[in-house]
Amino acid sequence: MAYEHNEIEKKWRAEWAKRGTYRVENDASRPKYYVLDMFPYPSGAGLHVGHPLGYIASDIVARYKRHSGFNVLHPMGYDSFGLPAEQYAIQTGQHPAKTTEVNVARYREQLDNIGFSFDWSREVRTSDPSFYKWTQWIFLQLFDSWYDHEAQKAKPIHTLVVRFGHQGWHHADACALTGDVEEELGAFSADEWKAYDERTKQRILQHFRLAYLSEAWVNWCPALGTVLANDEVKDGVSERGGHPVERKRMPQWSMRITAYAQRLLSGLDTLDWSESIKEAQRNWIGRSEGALVRFKVKSNLTPNPSPEERGTAHFDQDESDSGAISRFRETANPFIWSKLVAHAKEMRHNPTEAENKLWQAIRGNATSGRIRRQHIIDKYIVDFVSLRKQLVIEVDGDIHDLQIEEDALRTLALGEKGFKVIRFRNEEVLSDVSEVKRRIQAELDSRPDFSASADDKTEEEYSSPLPGRGVGGEAIEVFTTRPDTLFGVTFVTLAPEHELVEVITPANRRDEVMAYVTMAKNRSERERMTEVKRVSGVFTGATCIHPFTGQEVPVWVGDYVLGGYGTGAVMAVPGGDQRDWNFATHFNLPIIAVTEGADISKEADERKDATICSEGFLKGLKVPDAIKRAIDELEKRGAGERRINFRLRDAAFGRQRYWGEPIPIYYKDDVPYALPESELPLKLPEVDKFLPTEDGEPPLARAANWNYQGHPLETTTMPGWAGSSWYFLRYMDPKNEGRFASPEAINYWQQVDLYVGGSEHATGHLLYFRFWTKFLHDRGWINFDEPAKKLVNQGMIQGVSRFIFFMGVAINYPDVDNNTVVKLQEEMRRFPVVLVPESLYTQASRLKPTDVPMVRSFLNQMQQLRLERDPNAVGVITSQTLAKTHVDVSFVNPVTGELDISTYKKFVGNTQDVVVLSDGPLICPSEVEKMSKSKLNVVNPDDIISKYGADTLRLYEMFLGPLEQSKPWDTNGIEGTFRFLRKFWNLFHGHGDAFGVTDDAPTKPELKILHATLKKITEDIEKMSFNTSVAQFMIAANELGALKCNKRAVLEPLVIALAPFAPHIAEELWEKLGHTDSVTGAKWPQWDAQHLVEDSFSYPISFNGKTRLQLEFPIGLSKEEVEAQVLANPEVQAKLGGQPPKKVIVVPKRIVNIVV
RNA sequence: GCCCGGGUGGUGAAAUGGUAGACACGAGGGACUUAAAAUCCCUUGGUCCGUAAGGGCUGUGCGGGUUCAAGUCCCGCCCCGGGCACCA
């Protein structure tokens, strides 16, 4: 009876579905094992042979664990929200839900074909409201939490509110929080907190919530129309699609993953994950220890253009300044407010002509609502403002043209504080001030009233965005890992984005500095990376004070300092840091040697085992001691403190996209509030188009009634990683309507025991996955704080691409009229595809195609043919470029590399003919590349299965090599595993005969084969070394075949051992062996060492380590006996040639080595 | 530049410091067959000697070292893949 894989596999797939063989119950009486595959995104392209690699491996482990008595959870589902379905929707109008449905169905069909033991009753999809209800619920928990760094855990936000009511907020607490927002938050007392109104309180709390809304620098991808997380950007372009990405500041939902930086780092040590993934995460988190150092700024500050610069006209002014200044405190950035006040005063005394004219028109009660002028908001001095309506009116002179970007930033910053900005040009005001006034009035009327009463005091409270930090001197904060080199500081460098740049730059340097800043900011990330070596920068004109020496140190701006890392400023130690050295050398700044033995004329000395030699109290100390001493001294002087810095940034969470989970937030007075739990799931609304609105709002803004009790709902959606950060919990209890999973289910299943997936998720999914798990643990929802104990990364299966070379053919025509050109082009379009051999292409640099006789005669022929058809044909046929392109691998003989020209012709179709200019067959060279549709090298598992069966595919994928390793797919080799299955089948069937096994007692050699195989397979599965287990099965089949063994006692255990690898054939043979239950439930056969014991061992006899002959001795022989017998052997004696051996080493049951 | 992997026949690969190349593909030769498919048997790292049986030398990226013995351990390089990166 032949091995009919198609029938067998079809039969058992149906049978498994019917019997519910893989259904799993939460049976607490049995030990559990949780095997999980990384969540697939159901793409339209379907699966190729590379995708199932990990699934097969995890399926083998799952089935093996079942045989070993475990209750195994092995689920599958879909990460079904995502960009591709949405892009497709934008192009075709097809609803992403529909596309997703189709793709999921195809995935399911393909997965089913491979015979996985997934419990499909537990399937989950992230785009299913019953699933994303809980994603939204977890988001609300994050929104409702803050991170207590003393307790090192997340706590409910109300505990923070209580704490504020008791002890307020001291700025000293700020070092406990990381992320980029907290720094702006000033201290307040308990009484102040109690006095704040609701809006202010809410805005303060945003600085602590783990899911929060803030103005942040984001990776904006214009092509995708959305914000991307850091891990979604590679080399300055989007990971998906490769579109350029720019830095942009905008309001943005973020996740405070930075709060967990230390725990995410330390937790790695407890995990059985590959070293490379752990290392990638360590790099990504990027912890560095060092110190924060403050350099006090010494400079005469003019934060805005001076009156002269603005082209001031002197007009009389009448407003008394008394009282006005104190009001600034309310809206001003307290950090720099004293400088701003002085400047505002100056500007008020020196208005421009246009400013003065407008002021005369709108002052007093001329408009509804009082207008102030030259008012300080944050760090800006605005021309005019209505605090009550939060409307800023700016009058721009020519200078505006020079700093459009600056002003845009200013508008954004003011917007963040709740102010709308409208602008008028000088000429508009001067030519028709009443029209300007009318427009201002219209704006005022359309704005809501931000104060309950017109009372000034209340008004100002409302306009105060946040409580101030308190008045203090300006200081540049730098982070350094080498405080020991402080005495080597010769200058300080700020990043171009640093907010102090424009504050500290004196007027006479302003133009130059701002020009540099604008230039540096506009340089894209890409340029900055490719021009790493180029040094650029500018002196600000300001200086600061060295905290130890008290000397003045110049402040520079340089783009080698990154705005996003540390404090965006460095203390430059050119003697100890190569980048500082490069900068100092380029601009001729002084360089001080900081370490003994350094040659600072050539390069900086970055050694960390040196001795400090710069003058000062650190001189003579070793680096580590000097670091300690320096920090102690900084703390003593209040000039700095010990600081641990992380590279990890908070994760951008909002996406300006449709196909994702809606964020369950509504806005009241522009303040975000959590949607009540009872409103979940907040379902994705229907929209007319999946595009942004005309105003650039995300697609959800198109939805009708997108509000909650009249309050607008959030319009951005969650990123792809939201659902995948917790899905492993849902599988434990997928139908639960009252909780994301019941405590019983979570307690039973616990962590994932084995997680299998690609290493490309190292810094994205795997970090968020751990973050959410830790958070849920902190809040008491789960009792473990790492999601997966063991992680295995399967390697990529690469494709073998094939290439063809073709020659462009065109008509070389003289000057002719347009009509003729059109006709000629028409004719050219019908020219054949001309394929040429690789040799012609590689010679192209030395040889013109027309130098090749075959090409020349072909072109001549074509030209003649033309002339026969039309004697008046214009122009001459000529060759053009030679090009290389992918050709579908299915057109190429995989062994010879020969192109099947008739198939290729069919593919090209009837529009064009194909001509091959080659003496012999056309050989297509190959390259190993990523398997992908665009490279035409995709191999579909369905094709393999219909030819060889799923069992063969499963075995072959495992046989290819170690799971973790990447390897190219070569369909040729599959014959070997197919032959093995047939041999295995034939052991039960004689040779092509009916099924027949005997109950005879097995012989010794048969038992030895059986138990050696069981031992190897068991050990290999535990090690996940599947390629060697398949090899062992082959050895067993070959040897048992040679012995013509058809004994039940030998074959039956082997069927069970093979079942995890090739479940279909195993079920069929199991049934034929007389069992009525599934082989899935059979107990794993144990190997017995007694059958592996040998009577004798064939010793390799080596001379100086080189094996020369074999001698067999009984196992029981002692070392000495073996040695004596070996030396007595005539062959050995012959080799020795009469010389006595220097030494003889006998390793029992291994080797004998004779040293001569 | 730093940090992880990895480098073994024509190919995928195997090898607790102990016979390098298991297992499989491919290739070559043979058997069966009218023929093909399928199946089975033999050979297959390189090289040299020999008519043959058989034997010698050499060989795991390169150069050193430790050891009775090194693909495996140590030192120094080269190359490939991946991660991070003007990260202070």
Side-chain angles (χ1 to χ4, degrees), chain A residues 2 234 274-288 290-291 293 478-483 485 493 495 528-529 531-535 558-562 564-573 576-580 582-583 606 645-647 759-760 762-763 793 795-796 894-895 955-956 959-962 964-980 982-983 986 991-992 1025 1027-1035 1037-1038 1041 1098-1110 1141-1147 1149-1156:
Chain A
K234 291 259 146 78
S274 78
E275 205 44 51
S276 63
I277 295 277
K278 291 208 260 187
E279 203 53 35
Q281 293 213 345
R282 287 190 191 109
N283 280 337
W284 192 259
I285 295 166
R287 177 189 153 113
S288 48
V293 185
V478 305
F479 173 72
T480 177
T481 54
R482 296 289 304 274
T485 62
T493 315
R528 280 178 77 154
M529 276 190 292
E531 296 173 17
V532 159
K533 297 254 152 52
R534 210 180 76 184
V535 176
D559 69 355
Y560 79 97
V561 180
L562 304 175
Y565 184 73
T567 59
V570 300
M571 56 175 223
V573 186
D577 183 287
Q578 193 56 42
R579 290 153 307 176
D580 295 339
N582 293 344
F583 195 83
E606 298 187 340
N645 202 40
F646 292 96
R647 198 183 71 92
S759 56
E760 67 272 21
T763 50
N793 299 114
M796 205 170 40
V895 179
L955 279 172
Y956 185 56
F959 186 62
L960 272 175
E964 275 106 331
Q965 207 164 301
S966 288
K967 54 244 157 185
W969 177 266
D970 176 11
T971 304
N972 285 320
I974 203 168
E975 291 284 348
T977 48
F978 185 59
R979 274 177 211 150
F980 155 70
R982 214 161 33 202
K983 276 185 211 168
N986 287 339
H991 209 78
S1025 171
N1027 54 330
T1028 51
S1029 22
V1030 176
Q1032 182 61 37
F1033 277 122
M1034 288 174 171
I1035 293 168
N1038 287 343
S1098 176
Y1099 280 90
I1101 311 300
S1102 59
F1103 292 78
N1104 291 338
K1106 283 175 188 157
T1107 309
R1108 281 297 114 96
L1109 60 137
Q1110 305 266 326
K1142 266 194 197 148
K1143 200 174 176 185
V1144 179
I1145 288 116
V1146 179
V1147 184
K1149 286 201 278 179
R1150 283 232 180 268
I1151 202 166
V1152 175
N1153 192 17
I1154 300 167
V1155 187
V1156 290

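Here is how names work: the chains are called A, B, and so on, in the same order as the sequence lines, proteins then strands, and each is numbered from 1.
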*Of the nucleotides A88(B), C23(B), A69(B), which one has an atom closest to the side chain of Thr480(A)?*
A88(B)

*asked:* Starting the side chain at C-beta, find the nucleotide from U19(B), C86(B), G12(B) nearest to Lys967(A).
replied: G12(B)

*Describe the nucleic acid contact of Arg1108(A) in one word from base, sugar-phosphate, nothing, applying a heavy-atom distance below 4.0 Å.*
sugar-phosphate

*Quick one: label Ile1145(A) by what it contacts on the DNA or RNA (base, sugar-phosphate, nothing), any heavy atom closer than 4.0 Å.*
base

*Quick one: do Arg282(A) and Glu275(A) make a salt bridge, cutoff under 4.0 Å?*
yes

*Reckon Arg647(A) has a side-chain N or O less than 4.0 Å from the OP1 or OP2 of A85(B)?*
yes

_Checking contacts here: which listed nucleotide (U58(B), C23(B), A15(B)) is nearest the side-chain heavy atoms of Thr1028(A)?_
A15(B)

_Going by purine N1 to pyrimidine N3 plus the second Watson-Crick contact, or the G-U wobble pair, all under 3.5 Å, which nucleotide sits opposite A38(B)?_
none

_For the C1' atoms, the ones on A20(B) and on A15(B), what distance do you get once it is rounded to whole angstrom?_
7 Å

_Nucleotide nearest Thr1107(A) when distance is taken to its side chain, options U19(B), C86(B), G12(B)_ = U19(B)

_Using a 4.0 Å heavy-atom cut-off, does Asp580(A) contact any base of the nucleic acid, only the sugar-phosphate backbone, or nothing at all?_
nothing

_Closest nucleotide among C68(B), C86(B), C25(B) to the Lys1143(A) side chain_ = C68(B)

*Pick base, sugar-phosphate or nothing for Asp970(A), based on heavy-atom distances below 4.0 Å to the nucleic acid.*
nothing

_So if I take every side-chain heavy atom of Asn1038(A) and compare against C4(B), A24(B), A22(B), which nucleotide ends up nearest?_
A24(B)

*Between Asp577(A) and Tyr956(A), who's closer to the 5' end of RNA chain B by nearest nucleotide?*
Tyr956(A)

_Looking at Asn1027(A), I'd like to know whether one of its side-chain N or O atoms comes within less than 4.0 Å of OP1 or OP2 on G12(B)._
no

*Chi class for G50(B): syn within 90° of 0, otherwise anti*: anti

*Per Met1034(A) side chain, nearest of listed nucleotides A88(B), C25(B), A24(B)*: A24(B)

*Base, sugar-phosphate alone, or nothing: which one does Gln965(A) contact when heavy atoms must sit under 4.0 Å apart?*
sugar-phosphate

_Base, sugar-phosphate or nothing for Val1147(A)? Non-hydrogen atoms, less than 4.0 Å._
base

*Please work out if Lys983(A) contacts a base, only the sugar-phosphate, or nothing of the nucleic acid, heavy-atom cut-off 4.0 Å.*
sugar-phosphate

*Between A88(B), U58(B), C87(B), spot the one nearest the side chain of Lys1106(A), thanks.*
U58(B)

*Anything under 30° is parallel, anything over 60° is perpendicular, the rest tilted; go ahead and classify Phe479(A) against Tyr565(A).*
perpendicular

_Given G12(B), A22(B), G83(B), identify the nucleotide with an atom nearest to the side chain of Asn283(A)._
G83(B)

*For the residue pair Trp969(A) and Tyr956(A), does the interplanar ring angle fall in the parallel (under 30°), tilted (30 to 60°) or perpendicular (over 60°) class?*
perpendicular

*Any-strand Watson-Crick or G-U partner of G63(B), both distances under 3.5 Å*: C75(B)

*Ignoring hydrogens and angles, state whether a donor on the side chain of Asn283(A) or Glu279(A) is under 3.5 Å from an acceptor on the partner side chain.*
no

*asked:* Does the structure show a Watson-Crick or G-U wobble partner for G9(B), both distances under 3.5 Å? Name it, or say none.
replied: none

*Using purine N1 to pyrimidine N3 plus N6-O4 or O6-N4 for Watson-Crick, or N1-O2 and O6-N3 for G-U wobble, each under 3.5 Å, what pairs with A27(B)?*
U43(B)

_Partner lookup for C84(B), please. Criteria are Watson-Crick or G-U wobble with both distances under 3.5 angstrom; report none if nothing qualifies._
G1(B)

_Work out how far the C1' atom of G9(B) is from that of G46(B), and round it to whole angstrom._
9 Å

